[in-house]
Amino acid sequence: MHATEVTFATFNVSMEAQNYLPAGEPGDGAVLAKLLETDTQPQIRNIAHIIQLARPDVLLLNEFDYIQQPEKGIKAFIHNYLNKAQGEAEAIDYPYFYYSTVNTGQPSPYDLDNDGVASGSGADAWGFGFYPGQYGMVLLSKYPIDTAKVRTFQHFKWKDMPNFMPTKKADGSPWYSKEAWAEFPLSSKSHWDIPLTIDGAKVHVLASHPTPPVFDGEENRNGIRNHDEIRFWADYLTPANSGYIYDDNAKKGGLAKDARFVLLGDQNSSADGEGDAFNSAISSLYQHPRVNNSLPPQSKGGAEHTPDNPKAAFHTAGWRMRADYVLPSKAGWQVLESGVFWPQKSDPLYSLVGSRGASSDHRMVWVKLALSAE
């Protein structure tokens, strides 16, 4: 009897309104919904083509705008793009999906960027964004999702994380007002623990998309938030450190010490020490005793893109960094294969990733696993 093989993937698809609008236009959730009504948008067709070629069984889409009605959002994407063969690839279907609200674009009443104006938008939203649900997330799955047991952490307060990294003004005083800090969510989008059932085995998909650690000032407020958003998962996986955590239903604690999991998402931070993030959080997560990092995904296209950088084969974004991760647990899995979908220039498929406008500035990252005994 062969062990069940499951491919998990993460893909930041840039399917948010501003990707499709002239520079400076804020957009809203209706922009993507309109493009999903037909099967003709070339960038979205290329994204569907990549998904059909890689054929993951479980796929996290980062930067897929929150559209409340699935018929206008994720179901339309599945029906009009994934269910239709792109190029030489075969159509693919995902009978199960999960998505929920996120903090990006959710207006706050405070001047979070300290520019003298509380705009409620952009950097004054609870997560950077110009409309609620911008840069949202969706999980697609060929396996049933136990939606009743999903844990979301959208509203976990940053102040409730022990030893949070403080954000300070030049004079050493707190960057955020007392009123803002009392309400400030840790997660710029959300953190999700989504249980799947795969051949009778329970698998926890841990999904997130921490804020980019840039687009701020000397105070480094986004770099600090990125660090603590990633640290949240390291604590979640560590029973001795997870007691402070509570979900949006007020259930406390982290992941059981023997649970099988796969952590997915664009973490906007490099375990290889590149980029602008505080690398300590991603390092502690990547090197976590429960995480199997034995076969880091790589590509020939990434190596070719930056030939003078020995780490380039592991890059997952066109802007030359490893940012996106598929991290399985040591418990319950055997790692079989992994990769980054990044063809070389000589490959006929290179056109799918050959420019920013072809698909996304990120590449799909995948890991193929075999279910093993707990």
Side-chain angles (χ1 to χ4, degrees), residues 8 10 58 60 62 98-103 126-127 137 139 141 145-165 184-196 201-211 213 224-269 271 277-293 323-333 367 369 374:
F8 289 82
T10 188
V58 181
L60 178 68
N62 286 130
Y98 177 81
Y99 66 96
S100 187
T101 53
V102 290
N103 287 324
W126 286 123
M137 308 188 288
L139 186 79
S141 177
I145 297 170
D146 190 350
T147 44
K149 296 224 173 100
V150 171
R151 299 183 73 190
T152 65
F153 302 89
Q154 182 186 354
H155 304 297
F156 175 85
K157 300 286 188 288
W158 194 355
K159 70 179 175 62
D160 294 334
M161 170 180 267
N163 305 309
F164 62 79
M165 189 179 280
F184 210 115
L186 170 65
S187 188
S188 56
K189 284 102 187 157
S190 193
H191 288 65
W192 297 339
D193 175 346
I194 305 167
L196 311 181
K202 191 171 184 182
V203 176
H204 292 264
V205 173
L206 308 181
S208 64
H209 182 195
T211 188
I224 288 168
R225 191 179 192 181
N226 172 277
H227 173 279
D228 281 0
E229 286 194 73
I230 295 169
R231 196 198 116 193
F232 176 90
W233 283 135
D235 288 348
Y236 193 71
L237 296 178
T238 311
N241 296 347
S242 63
Y244 71 87
I245 292 173
Y246 55 85
D247 63 27
D248 294 333
N249 290 320
K251 182 185 173 188
K252 296 203 71 169
L255 193 64
K257 67 178 187 301
D258 55 352
R260 183 191 274 111
F261 66 85
V262 181
L263 190 146
L264 298 174
D266 173 4
Q267 301 297 313
N268 273 309
S269 189
F278 289 105
N279 299 113
S280 53
I282 192 68
S283 293
S284 67
L285 180 60
Y286 190 71
Q287 304 290 346
H288 195 281
R290 293 179 69 175
V291 166
N292 185 338
N293 63 17
D324 308 85
Y325 297 85
V326 177
L327 299 177
S329 56
K330 288 176 182 170
W333 297 115
V367 175
L369 304 169
E374 292 284 359

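Just so you know, these numbers use all the heavy atoms, side chains as well, and skip hydrogens, waters and symmetry mates.
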Engineer: Would a distance-only check, ignoring hydrogens and angles, find a side-chain to backbone donor-acceptor pair under 3.5 Å from N103 to S187?
Structural biologist: yes
Engineer: Listed by chain and number, what are the salt bridge (charged side-chain N to carboxylate O under 4.0 Å, His left out) partners of D160, not counting sequence neighbours?
Structural biologist: none
Engineer: Answer yes or no: is there a side-chain heavy-atom contact under 4.5 Å between V262 and V326?
Structural biologist: yes
Engineer: Do L237 and L285 make a side-chain contact, defined as non-hydrogen atoms from C-beta onward lying under 4.5 Å apart?
Structural biologist: yes
Engineer: Tell me, with the steps shown, if I224 and F164 meet side chain to side chain contact (heavy atoms under 4.5 Å, CB included).
Structural biologist: CA-CA 9 Å; I224 288 168; F164 62 79; over 6 Å; no
Engineer: Could you list the residues that satisfy ring pair (Phe, Tyr, Trp, His ring centres under 6.0 Å) with W192, not counting sequence neighbours?
Structural biologist: Y98
Engineer: Just jot down the salt bridge (charged side-chain N to carboxylate O under 4.0 Å, His left out) partners of R231, sequence neighbours excluded, or say none.
Structural biologist: D235
Engineer: Would you say E229 and S208 are linked by a side-chain donor-acceptor pair, where the criterion is simply a distance under 3.5 Å?
Structural biologist: no
Engineer: Given I230, which of S269, S284, S280 fulfils the side chain to side chain contact (heavy atoms under 4.5 Å, CB included) condition?
Structural biologist: S269
Engineer: At what distance, to the nearest 0.5 angstrom, does CG of L206 lie from OH of Y325?
Structural biologist: 16.0 Å
Engineer: Tell me if a side-chain donor or acceptor on N241 pairs with a main-chain N or O of A234 at a distance below 3.5 Å.
Structural biologist: no
Engineer: When the ring planes of Y236 and F153 are compared, do they come out parallel, tilted or perpendicular, using 30° and 60° as the limits?
Structural biologist: perpendicular
Engineer: Can you confirm whether L264 sits close enough to L139 that some side-chain heavy atom of one is under 4.5 Å from a side-chain heavy atom of the other?
Structural biologist: yes
Engineer: Measure the shortest side-chain to side-chain distance between P213 and N268 over non-hydrogen atoms and say whether it is less than 4.5 angstrom.
Structural biologist: yes
Engineer: Quick one: list whatever passes side-chain contact (heavy atoms from CB on, under 4.5 Å) with K257, sequence neighbours left out.
Structural biologist: P239
Engineer: Test of understanding: with side chain to side chain donor-acceptor pair (under 3.5 Å), list the residues that count as partners of D248, not counting sequence neighbours.
Structural biologist: T152
Engineer: Below 4.5 Å, heavy atoms only, C-beta onward: do L196 and V58 meet side chain to side chain?
Structural biologist: yes
Engineer: When rounded to the nearest 0.5 angstrom, what is the spacing between CZ in F8 and OG in S141?
Structural biologist: 7.5 Å
Engineer: Is the shortest heavy-atom distance from the side chain of V150 to the side chain of P195 under 4.5 Å?
Structural biologist: yes
Engineer: For K252, enumerate each residue passing the side-chain contact (heavy atoms from CB on, under 4.5 Å) test, keeping only those at least two apart in sequence or located in another chain.
Structural biologist: Y246
Engineer: Could you pull out all residues at least two apart from R290 that satisfy salt bridge (charged side-chain N to carboxylate O under 4.0 Å, His left out)?
Structural biologist: none
Engineer: So do L255 and D193 actually touch side chain to side chain, heavy atoms under 4.5 Å?
Structural biologist: yes
Engineer: Just to verify, what does T101 make a side-chain contact (heavy atoms from CB on, under 4.5 Å) with, not counting sequence neighbours?
Structural biologist: Y66, Q154
Engineer: Do P185 and H155 have side-chain heavy atoms sitting under 4.5 Å apart?
Structural biologist: no
Engineer: List in chain and number order the residues that pass side chain to side chain donor-acceptor pair (under 3.5 Å) with N62, two or more places apart in sequence or in another chain; answer none if no residue qualifies.
Structural biologist: none
Engineer: Side-chain donor-acceptor pair under 3.5 Å between T238 and H288, yes or no?
Structural biologist: yes
Engineer: Mark yes or no for whether D247, through its side chain, and N249, through its backbone, hold a donor-acceptor pair below 3.5 Å.
Structural biologist: yes
Engineer: For the side chain of R225 and the backbone of L186, is there at least one donor-acceptor N/O pair under 3.5 Å apart?
Structural biologist: yes
Engineer: Roughly how far, to the nearest 0.5 Å, is the CG atom of L327 from the CD atom of Q267?
Structural biologist: 7.5 Å
Engineer: Just to verify, what does K159 make a salt bridge (charged side-chain N to carboxylate O under 4.0 Å, His left out) with, not counting sequence neighbours?
Structural biologist: none
Engineer: Among all residues two or more places apart in sequence or in another chain, which pass the ring pair (Phe, Tyr, Trp, His ring centres under 6.0 Å) test with H191?
Structural biologist: F232, W233
Engineer: Once rounded to the nearest 0.5 Å, what's the spacing between atom CH2 of W158 and atom OG of S188?
Structural biologist: 9.5 Å
Engineer: Look only at the side chain of D266 and the backbone of D324, and say whether a donor-acceptor pair between them is shorter than 3.5 Å.
Structural biologist: no
Engineer: My understanding is that only residues two or more places apart in sequence, or in another chain, count here; which of them pass side chain to side chain donor-acceptor pair (under 3.5 Å) with W333?
Structural biologist: none
Engineer: Just how far is it from atom NZ of K189 to atom CH2 of W126, taken to the nearest 0.5 Å?
Structural biologist: 16.0 Å
Engineer: Atom NZ in K251, atom CZ in R151: separation rounded to 0.5 Å?
Structural biologist: 5.0 Å
